[in-house]
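This is a predicted model, so every value here is computed, not measured.
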Amino acid sequence: MSLLTERPSPHDAASHSAPEGRAATRRADRSRRKRKQPLAGRYIGYVLYFVGAGLISGAVVHHPLDPARYTVVAVVGVLVFLVATLVNEFLLAQDRPPLGRGLMVIGASLLLSFGIGMLSGGLQHFEDFPARAAVLVPLGIVVSFVAFVLKDAETPSRRVFGPLGLVVLLLAGGCHFGLNTLAAGMAGEAAEGGGHSHGGGEPETDDHEVEPEPSASSSSSVPSAPGEPTTSAEPEHADDGHAH
């Protein structure tokens, strides 16, 4: 009887082995994740994200200055951001999305890159392009939010029209109104400053204006009384030179 009572039951053995099995599974999952996501790959992926977004932001803001040049910069930024998406979402991901979801992720990532570029570029260069930045910043807020919701696998796409989407829309509208007001004030100050420098009122007279010189006939000839020969202010030896 003692041997039977001291022998562990199968249920007790399973209860003791279950935590050990779960811990072993977690360790295996962690090691597998470490093998799938090396440090170099994660670093390269995030660097490409930010470099691509930076190129796109500069191209979006400065495009009116040199359209041909900044179109090329935008295309390069899109390609860099696309490579970052492929590295982070496909090569380093534990569960690779199917084809349809993968195309959605790529398209949303490109849209997200432009939204971030509009937002960051408009904020950085607001003083240089106030009217353009007043449109880019709120548009970037809306575009980046919509793109992030579409890209995130854990968030349903209907959340775009939810309460958070309404808050984002109101925030974008407030930003547009505030930045547009600032841009209009800056344009008014620039116009007033330009009026003083470029003569918006009465034209100023030039003190250095050269007065017309009297002609040789008026300066040399002196009117004489009737019957007297005309005298000249020039020395007579100028005519006598030919006689000598």
Side-chain angles (χ1 to χ4, degrees), residues 26 29-30 32-39 41-63 70-71 73-126 129 132-180:
R26 286 195 297 268
D29 291 340
R30 284 196 297 268
R32 187 166 56 252
R33 285 197 297 268
K34 290 180 181 179
R35 288 194 299 268
K36 285 186 177 181
Q37 297 182 359
L39 177 61
R42 286 180 286 142
Y43 167 74
I44 293 173
Y46 276 93
V47 166
L48 292 177
Y49 264 143
F50 288 106
V51 170
L55 292 174
I56 293 172
S57 65
V60 167
V61 176
H62 296 99
H63 189 268
Y70 287 107
T71 298
V73 174
V75 171
V76 173
V78 167
L79 293 178
V80 171
F81 203 93
L82 181 61
V83 172
T85 302
L86 295 177
V87 170
N88 289 288
E89 301 293 337
F90 294 91
L91 296 181
L92 299 180
Q94 298 180 14
D95 299 325
R96 296 180 181 178
L99 179 60
R101 177 63 189 170
L103 295 177
M104 173 66 75
V105 169
I106 293 174
S109 298
L110 293 178
L111 190 63
L112 180 62
S113 68
F114 275 96
I116 295 174
M118 293 175 187
L119 179 58
S120 62
L123 290 174
Q124 292 178 31
H125 298 280
F126 176 77
F129 310 96
R132 184 176 177 84
V135 177
L136 290 178
V137 171
L139 187 62
I141 293 175
V142 175
V143 170
S144 61
F145 172 73
V146 173
F148 182 80
V149 173
L150 296 178
K151 181 178 178 295
D152 191 14
E154 299 178 359
T155 305
S157 58
R158 64 177 181 273
R159 292 286 299 274
V160 173
F161 306 100
L164 183 58
L166 179 61
V167 171
V168 170
L169 188 61
L170 293 176
L171 177 63
C175 286
H176 176 66
F177 177 77
L179 294 177
N180 199 24

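The shortest non-hydrogen separation linking Leu48 to Val80 is O-CG1, 3.4 Å. Looking at every heavy atom in both residues, His62 comes nearest to Tyr70 through O-CD1, 3.1 Å. Contact detail for Leu112 and Ser144: the closest heavy-atom pair is CD1-O, 3.5 Å. The nearest pair of heavy atoms linking Ala147 to Ala108 is CB-O, 3.4 Å. Between Gly122 and Ala133, the closest heavy-atom pair is O-CB, 3.4 Å. Closest approach of Leu92 to Pro38, counting heavy atoms only: CD2-CD, 3.9 Å.
Partners of His63 under the side-chain hydrogen bond (donor to acceptor under 3.5 Å, both in side chains) rule, at least two apart in sequence or in another chain, are Thr71. For Leu136, the side-chain contact (heavy atoms from CB on, under 4.5 Å) partners at least two apart in sequence or on another chain are Val60, Val61, Met118, Arg132.
In this structure, CD1 in Ile44 is found 9.5 Å from CG in Leu39, a value given to the nearest 0.5 Å. Annotation: the span from Leu111 atom CG to Ile106 atom CD1 amounts to 14.0 Å, rounded to 0.5 Å.
Every pair passing ring pair (Phe, Tyr, Trp, His ring centres under 6.0 Å) that includes a residue from residues 76-117 is listed here, sequence neighbours excluded: Tyr49-Phe81. Within the structure, salt bridge (charged side-chain N to carboxylate O under 4.0 Å, His left out) contacts touching residues 81-90 (residues at least two apart or in different chains) are Glu89-Lys151.
At most 12 heavy atoms of other shown residues, nucleotides or ligands fall within 6.0 angstrom of atom CZ in Phe148.
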Name each donor-acceptor pair under 3.5 Å that joins a side chain in residues 152-172 to protein atoms two or more places apart or in another chain, with its distance.
| from | atom 1 | to | atom 2 | distance (Å) |
| --- | --- | --- | --- | --- |
| Asp152 | OD1 | Glu154 | N | 3.4 |
| Asp152 | OD2 | Thr155 | OG1 | 2.7 |

Would you list the atom pairs, donor with acceptor, under 3.5 Å between side chains in residues 50-58 and any protein atom, with sequence neighbours excluded?
| from | atom 1 | to | atom 2 | distance (Å) |
| --- | --- | --- | --- | --- |
| Ser57 | OG | Ala53 | O | 3.3 |
| Ser57 | OG | Gly54 | O | 2.7 |

